[in-house]
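Whatever order the structure lists ligands and atoms in, that order sets their numbers, starting from 1.
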Amino acid sequence: MTIEIVRTTHPKPKPDPNNLVFGTVFTDHMFVMDYSEEKGWHDPKIVPYGPIEIEPANMTLHYGQTVFEGMKAYKTEDGEVLLYRPYENMKRINRSNDRLCIPEIDVDACVEYLKELIRLEKDWIPEGKGTSLYIRPFIFATDNHLGVRPSHTYKFMIILSPVGAYYKEGLNPVKIYVEPSYVRAVRGGIGYAKTAGNYAASIKAQMDAAKKGYTQVLWLDGVHRKYIEEVGTMNVFFKIDGEIVTPMLNGSILAGITRDSAIQVLKSWGMTVTERELSIQEVYDAHAAGKLEEVFGTGTAAVISPVGELNWDGNVITINDGKIGEISSKLYDTITGIQSGKIEDTFGFVERV
Ligand SMILES: *Cc1c(COP(=O)(O)O)cnc(C)c1O
């Protein structure tokens, strides 16, 4: 497939990699492709990064028919560029597409388009430890129409943003608030799709938790308010009495690619990983019995995020004395090592650009 490239005439200065704030700086170019019922996905092109024009009646603004992805590219010490599991992200956008009635994309073609864009923006990939290029593919409805129905036209775009080290002073355990009243998603809803509505639904709880001094909320299931779902934009893992437990994918949880990576790596170490229903009560009971050894979140942004404190209805527990657990730390080193090409990839996770 041929892809048209229109280069910018005004390249921007590169930001200082030591002062990057996540999601604030974008590279010189972006990828755009259109969909219509007659032509399918067509006209893939790379153009200068910049504003796009939409009408006030754009359906996405009113009904939220849109999906996105989040992934990263890394520069190795020898200047090679590695993508982390890009096919998994493109497959997941198709699962989100299916739920939102957005036409399927061609996974292989889209990974090729992404590689083309990254090759053009190679100099934007920061080089320091822990830095990367964040990749945001997204699709949105472009019909101008009021009234709920699937759009007949869509845009697929990819924008890129250089990101600094998530942990400047080493892995830092976070404090998590167990959300007692709001819910993020329910089975049968759109919880497993990476789509705007899920995040809009989460903001209020996030703001309330922040006011109380907590970094993120831990979501409980929408029906019983009992079973653990996930943390903010991360999946969550518990080490209880030597065993790793994580909530099973039940339709309301996002199937994280870092979650899947963590499971594969933990199993390769001979650890038992169980995906099942896990209640917040069970976690508190395990803590009371001295068996809750570690808690950590997994997601593209932080990779591994150790949890040092949980607050459930005013009952505050400290995990592993508020320090980083051995498994969290080893997982972080292993996955980031594979991502940056420092550790041999025996899992087939990285893709050369
Ligand atoms: C993106 C996301 C995750 C993590 O997925 P990764 O593929 O590991 O980045 C977890 N939960 C939610 C709600 C998310 O949006």
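- In summary, the aromatic rings of Phe22 and Tyr134 are positioned with their centroids under 6.0 Å apart.
- Checked by atom type and distance alone, the side chain of Asp78 never pairs as donor or acceptor with a backbone atom of Glu80 at under 3.5 Å.
- Among Val236, Val303, Thr258, the residue whose heavy atom lies nearest to atom 8 (O) of ligand 1 is Thr258.
- Side chain to side chain, Glu229 and Asn250 meet the donor-acceptor criterion of an N or O pair below 3.5 Å.
- Looking only at heavy atoms of the protein, atom 14 (C) of ligand 1 is closest to Lys194 NZ, 3.0 Å.
- The shortest N or O to N or O distance between Arg184 and ligand 1 is not under 3.5 Å.
- Remark: Lys75 is not positioned above the aromatic ring of Trp124, lacking an NZ or CZ atom under 6.0 angstrom from the ring centre and at most 45 degrees off the axis.
- The closest approach between any non-hydrogen atom of Gly232 and ligand 1 is below 4.0 Å.
- Checked against a 3.5 angstrom limit, the closest N/O atoms of Ile257 and ligand 1 fall inside it.
- For atom 5 (O) of ligand 1, the closest non-hydrogen atom on the protein side is Gly256 CA, 3.3 Å.
- Note on ring orientation: taking the six-membered ring where Trp is involved, the planes of Tyr227 and His224 are perpendicular (angle over 60°, cut-offs 30° and 60°).
- Using the six-membered ring where Trp is involved, Phe31 and Phe156 have ring planes that are perpendicular, over 60° apart on the 30 and 60° scheme.
- Between the side chains of Asn94 and Glu104, no donor-acceptor pair of N or O atoms lies under 3.5 Å.
- Checked by distance only, ligand 1 and Thr300 come closer than 3.5 Å through their nitrogen or oxygen atoms.
- Listed by number with element, the atoms of ligand 1 under 4.0 angstrom from any heavy atom of Met234 are 10 (C), 11 (N).
- The shortest contact between atom 12 (C) of ligand 1 and any protein heavy atom is with Glu230 OE1, 3.3 Å.
- Looking at ligand 1, you won't find any N or O of Asn89 less than 3.5 Å from one of its N or O atoms.
- With hydrogens and angles left out, the side-chain atoms of Glu309 and Tyr214 include a donor and acceptor closer than 3.5 Å.
- The protein atom (non-hydrogen) at minimum distance from atom 15 (O) of ligand 1 is Tyr199 OH, 2.4 Å.
- Annotation: Arg92 places an N or O atom under 3.5 Å from an N or O atom of ligand 1; distance criterion only.
- The closest protein non-hydrogen atom to atom 4 (C) of ligand 1 is Thr233 O, 3.6 Å.
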